[in-house]
Each structure stands twice: as C-alpha cells, then as structure tokens.
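One structure below.
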Amino acid sequence: MTIAENLHTIENGIAETAKEYDRDPASIKLIAVSKRHSMDSINEATRAGQFLFGENYIQEASEKIKTAHKNAAFHFIGHIQSNKAKQASELFSMIETVDRYKLARSLNTHLEKLDKQLDILIQVNIGQDPNKSGVSPEKTAELLEQIKSLKQLRPLGLMTIPPLTRDSNMARIHFRNLRILSVDLAKQNLFANNDCVELSMGMSHDYKIAIQEGATIIRIGTAIFGKRPERT
Ligand SMILES: *Cc1c(COP(=O)(O)O)cnc(C)c1O
C-alpha cells in the first residue's frame with residue numbers, strides 16, 4: 001500500500017467513526033507521525049494532501065522542517081528536555097507534551113524574545129504508568145493554574161499515551177478518563193478556550209476508540225508510513 005492509499009483508508013476510518021458517533025469529521029485533526037521516516041515519505045504525504053505532522057526528536061525534526069513543504073506544520077509529541085526549549089519554541093506549531101512548570105516557563109521565556117504565542121497541550125499520564133512521562137491527573141489543574149501567568153503559551157487541551165495493552169476496553173477507559181478530566185478542567189476555566197478543548201489521543205491501533213471517546217487530534221504513524229526504521 002502507498003502512503004496516499006493509507007491516508008485515504010485512515011480518512012475514511014475517521015469519517016465513518018465520526019458519523020456513527022454523531023461527530024463532525026472536520027473536528028478531528030490527523031497528525032501523521034513521521035518520526036524516523038524519511039523526507040521522501042513526508043513529501044509523499046504532502047503530495048497526497050496531508051500537511052500536519054508529528055515528530056519526537058528535536059534534532060531530526062529541525063532538519064526535516066527546513067526542507068518540508070512551506071504549508072506543512074509540525075507538532076512536537078516527544079519527551080522534551082528543558083534545555084531544548086529554545087529550539088522547540090522556534091520550530092513547532094504546537095507542543096503536545098508540556099508536563100511540568102519548569103519546561104513551560106523556559107518555553108515562555110524564549111517565546112517572549114520571539115514575540116510569538118505557541119499552542120500547547122498538557123501531557124497527562126492518565127494510566128499512572130511509571131514508564132511514561134506526563135503530569136499525573138491530580139496535578140494537572142495545578143500545572144494549568146501555574147501556566148496561566150505565562151502569557152506566550154496557549155494551553156488548548158490535553159494529550160495522553162495510555163499504557164500499552166491488548167485490551168481495547170482498557171484503552172477506552174483511559175481515553176474516557178482523559179475526557180472527563182478535560183471537562184472538569186474546562187469548568188475551572190483553565191484552558192485558553194474552554195468551549196472547545198483539544199484531546200490528543202489515539203494511535204494506529206486504537207484511533208477509532210479514541211474518536212468514539214472524544215479525540216480531536218489523533219496521532220498516526222505506522223498505519224500511514226509503515227513500520228518505522230530502527231534509529232541509527
Ligand atoms: C510514535 C508515536 C505515535 C504513533 O504511533 P503508531 O503506533 O505508529 O501510530 C503516536 N504518538 C506518539 C506520542 C508517538 O511517540
């Protein structure tokens with residue numbers, strides 16, 4: 001299957017699932033996760049009409065962004081060290097993985113110098129998985145409260161990577177819990193737009209469940225680009 005065909009399959013999957021659950025397919029953004037895939041693959045996707053990408057490594061992303069189509073936009077979805085905040089604040093249209101105040105503050109400092117506002121999501125460790133980054137659900141309100149004073153950051157919603165499981169019901173429960181948390185936080189006016197909160201959840205194997213549970217951003221790699229090459 002070509003990348004264009006895979007994209008077509010996913011777009012149909014999004015449209016069908018949205019329709020079944022009475023959701024507008026246009027309210028669901030597809031991030032093509034291109035980490036470790038070549039520029040050729042990214043260009044093939046843009047030729048097929050896909051302009052939103054997700055990358056996990058700053059250095060790799062920076063090289064790709066230089067040569068990507070001018071309308072392509074990149075979300076950062078990887079773990080981000082505070083000393084990479086300067087580069088990250090320059091490169092991405094959204095950073096989905098803000099999970100601590102120190103990082104938020106250094107992003108804000110660099111963005112002030114650039115006179116730029118940046119959309120961010122808070123990464124929540126919804127399954128309390130010790131191997132995953134993300135703020136714990138109980139501490140998310142406190143983090144968003146602290147971020148209120150950082151004027152260059154626009155917290156638009158939440159992102160999560162649930163613990164890996166073969167049990168799709170478990171994934172569903174985690175997605176549902178993220179949504180419930182987001183509703184609670186929106187009631188406290190903790191987002192930049194509390195009427196329309198973004199939920200980034202769902203990957204190749206579980207994106208339909210995520211859409212059923214309210215995802216507005218899904219992040220798909222393997223089902224678009226195929227198996228990832230090993231890191232060299
Ligand atoms: C790699 C990655 C994805 C894509 O995973 P696939 O299973 O290949 O679709 C999505 N989200 C994050 C945070 C990732 O690191």
Side-chain angles (χ1 to χ4, degrees), residues 1-37 41-56 68-69 71-78 92-97 119-124 126 156-162 164-183 186 191 193 195-228:
M1 291 293 246
T2 66
I3 287 170
E5 284 166 337
N6 289 339
L7 278 166
H8 191 68
T9 305
I10 303 281
E11 277 152 17
N12 283 338
I14 294 171
E16 277 167 26
T17 315
K19 197 163 161 236
E20 277 169 42
Y21 282 75
D22 241 5
R23 298 191 54 197
D24 177 5
S27 69
I28 299 155
K29 288 180 276 294
L30 169 61
I31 309 286
V33 178
S34 45
K35 63 169 179 244
R36 307 210 301 259
H37 286 288
S41 294
I42 294 180
N43 291 335
E44 208 175 319
T46 51
R47 277 196 298 276
Q50 175 67 32
F51 289 95
L52 202 45
F53 296 92
E55 288 282 342
N56 294 54
H69 190 288
N71 294 339
F74 288 75
H75 284 198
F76 191 72
I77 61 171
F92 299 99
S93 67
M94 185 189 271
I95 295 181
E96 297 199 9
T97 46
D119 294 342
I120 62 163
L121 302 180
I122 305 300
Q123 181 176 1
V124 181
I126 199 72
L156 295 185
L158 307 178
M159 175 272 203
T160 199
I161 312 167
L164 195 60
T165 164
R166 287 176 189 283
D167 179 357
S168 62
N169 282 320
M170 275 315 295
R172 183 182 298 285
I173 287 165
H174 292 308
F175 294 149
R176 188 168 295 173
N177 285 340
L178 193 74
R179 181 175 148 80
I180 292 169
L181 178 64
S182 77
V183 170
F191 296 109
N193 178 358
D195 299 321
C196 181
V197 175
E198 301 281 359
L199 286 177
S200 174
M201 55 190 197
M203 320 205 299
S204 290
H205 60 287
D206 57 11
Y207 78 90
K208 289 186 181 172
I209 300 170
I211 292 172
Q212 291 164 5
E213 297 300 330
T216 65
I217 299 176
I218 57 173
R219 310 177 308 263
I220 300 195
T222 312
I224 295 172
F225 296 111
K227 193 169 173 297
R228 273 181 286 282

Closest contact, heavy atoms only, [X] versus [Y]:
X	Y	result
Leu121	Leu156	CD2-C, 4.0 Å
Asp24	Ala18	C-CB, 4.4 Å
Ile209	Ser168	CD1-CB, 3.4 Å
Ile218	Tyr207	CD1-CD1, 3.7 Å
Ala215	Met201	CB-O, 3.4 Å
Ser93	Asp119	O-CB, 3.9 Å

To the nearest 0.5 Å, tell me how far [X] [atom1] sits from [Y] [atom2].
X	Y	atom1	atom2	answer
His8	Ile3	NE2	CD1	15.5 Å
Arg166	His205	CZ	NE2	10.0 Å
Ile10	Lys208	CD1	NZ	8.0 Å
Glu11	Asn6	CD	CG	11.0 Å
Ile42	His37	CD1	NE2	9.5 Å
Lys19	Ile211	NZ	CD1	14.5 Å

Are any non-hydrogen side-chain atoms of [X] and [Y] less than 4.5 angstrom apart?
X	Y	result
Leu181	Val124	yes
Met159	Thr97	yes
Ile217	Ile28	no
Leu30	Leu7	yes
Arg172	Glu213	yes
Thr160	His174	no
Phe225	Ser34	yes
Ile95	His75	no

Thr17/Gln212 under side chain to side chain contact (heavy atoms under 4.5 Å, CB included): CA gap, chis, key distance, verdict: CA-CA 7 Å; Thr17 315; Gln212 291 164 5; 3.8 Å; yes
Using modelled atom types and a 3.5 Å cut-off, is there a donor and acceptor pairing between side-chain atoms of Arg219 and backbone atoms of Ser200?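 Flag set: sc Arg219 to bb Ser200 pair under 3.5 Å.
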Checking Gln50 side chain against Leu52 main chain: does a donor-acceptor pair fall under 3.5 Å?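 Yes: the side chain of Gln50 pairs with the backbone of Leu52.
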Evaluation steps, side chain to side chain contact (heavy atoms under 4.5 Å, CB included), between Ile224 and Thr9: CA-CA 9 Å; Ile224 295 172; Thr9 305; over 6 Å; no
Audit row: Ile77, Glu55, side chain to side chain contact (heavy atoms under 4.5 Å, CB included) steps and yes/no: CA-CA 6 Å; Ile77 61 171; Glu55 288 282 342; 6.0 Å; no
Flag for Thr2-Glu44: side-chain donor and acceptor within less than 3.5 Å: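 No donor-acceptor contact under 3.5 Å links the two side chains.
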Can the ring centroids of Phe74 and Phe92 be said to lie less than 6.0 angstrom from one another? no
So that I know where these two stand, are His69 and Phe51 an aromatic pair - ring centroids less than 6.0 Å apart? yes
Quick one, Thr46 with Phe53, criterion side chain to side chain contact (heavy atoms under 4.5 Å, CB included). Give me CA distance, side-chain angles, the key distance, then yes/no. CA-CA 10 Å; Thr46 51; Phe53 296 92; 3.6 Å; yes
